[in-house]
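I have placed the structure first, in the form of structure tokens, so that the comments after it can refer back to it.
Below, each value reflects all heavy atoms present in this structure, side chains not excepted, and no hydrogens, waters or symmetry copies.
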Amino acid sequence: MVKNILITGAAGFLGSHLCDRFIKEGFMVIGMDNFITGDQKNIEHLKNHPQFKFIEHDVTKHITIEGDLHYILHFASPASPIDYLKIPIQTLKVGSLGTHNLLGLAKAKKARLLIASTSEVYGDPLVHPQTEDYYGNVNTIGPRGVYDEAKRFQESITMAYHRFHGLETRIVRIFNTYGPRMRLNDGRVIPAFMGQALRGEDLTIFGDGSQTRSFCYVDDQVEGIFRLLFSDYAYPVNIGNPHEISISDFAEEIIKLTNTTQKVIYKDLPVDDPMQRQPDISLAKKLLGWEPKVDRKEGMAITYEYFKNLSEEELFKSEHKDFTKHIRK
């Protein structure tokens, strides 16, 4: 029997890759998005696919799905600092009201629900690398708190439904992920550096460049999520690449990759920007037999090819999203 899966945030970077994977695995995929940060072009190739159905809908409003539903992946959420600083209330609502609606739907349909949490639940961590049993160091009232706390609440309400209602739930804590379909001007370091290199601009580092990140290629991330969904483990699992690099060293890698001659310039570090971010993936290795396969050099080359093929209009567009129709004041 063909299984039905609902993927929210289907037109987003990660959501669209998950749609592709579950179609490939033989599922009937119902994609849902309201395009607040997602892009129609990410799912354009699926428009007429017999295993894909799309519903334009805001998950913070009541959700109705006809017929059987076996699995739900909740990936709807702004996920870049630029986005959630511009739409803070929508960011909080999708993690709280949206998650509540999807938990209710999962309960009604007897479906298994996997939620997309994030390494941001660790805040600016005092423990390095970060293990799943670390509770984090988060500023609840800072500008990034709208995203961090939305995700922390999302984990809490998901575990409450699991414990109280016996709902089958899974929680993935996603660390920095990259690859084709990333939005160029979303404020994250990889598209920012690649866009600047392609436009002939200097590469901008915030802070002194000593802060670290670890980057996981999208195919590896999707594989980890896929394995977690079909595991029998209800607690959070880190999925990310543990190979850490400083932002200043990463800027040099991008200059070498793009064969450009830009300078690196330094600006003030944003409030609460984490200084270290590296997953401990011991649990994922033990539980799922998962670890990343694509090294940074290979993954960045594929990603750069994607950005190189953007149109001039896309490359030089300063604002990639207009949130006015989603904002009520």
**Report entry** F35 and F54: CA distance, side-chain angles, deciding distance, ring pair (Phe, Tyr, Trp, His ring centres under 6.0 Å) verdict
**Finding:** CA-CA 12 Å; F35 299 113; F54 183 75; 5.4 Å; yes
I'd like to check [X] versus [Y] (side-chain heavy atoms, cut-off strictly below 4.5 Å). Are they in contact?
X    : Y    : value
S119 : R173 : no
D186 : P191 : yes
L14  : V222 : yes

Carboxylate-amine/guanidinium contact [X] [Y], below 4.0 Å:
X    : Y    : value
K41  : E314 : yes
K256 : E252 : no
R277 : E244 : no
D219 : R21  : no

Are there over 12 heavy-atom neighbours, none belonging to [X], within less than 6.0 Å of that residue's [atom1]?
X    : atom1 : answer
I89  : CD1   : no
H100 : NE2   : no
N309 : CG    : yes

Requested in this report: Indicate, with yes or no, if the rings of Y71 and F230 have centres closer together than 6.0 Å.
Outcome: yes
Query raised in the report: How about F22 and F226: are their ring centres within less than 6.0 Å of each other?
Result: yes
Going by atom types alone, do [X] and [Y] pair a side-chain donor with an acceptor below 3.5 Å?
X    : Y    : answer
D148 : Y84  : no
T158 : E155 : no
H243 : Q278 : no
E149 : T140 : no

I'd like to know if the side chain of [X] reaches the main chain of [Y], judged simply by a donor and an acceptor atom lying under 3.5 Å from each other, with no hydrogens or angles considered.
X    : Y    : result
W290 : I239 : no
K297 : E253 : no
T8   : A76  : yes

Query raised in the report: Who pairs with E312 by side chain to side chain contact (heavy atoms under 4.5 Å, CB included), at least two apart in sequence or on another chain?
Result: F316
Query raised in the report: Hey, what's the ring geometry for H165 with Y161, parallel, tilted or perpendicular (30° and 60° as the breaks)?
Result: tilted
Query - ring pair (Phe, Tyr, Trp, His ring centres under 6.0 Å) assessment of F250 paired with F215 - result: CA-CA 10 Å; F250 183 58; F215 301 112; 4.7 Å; yes
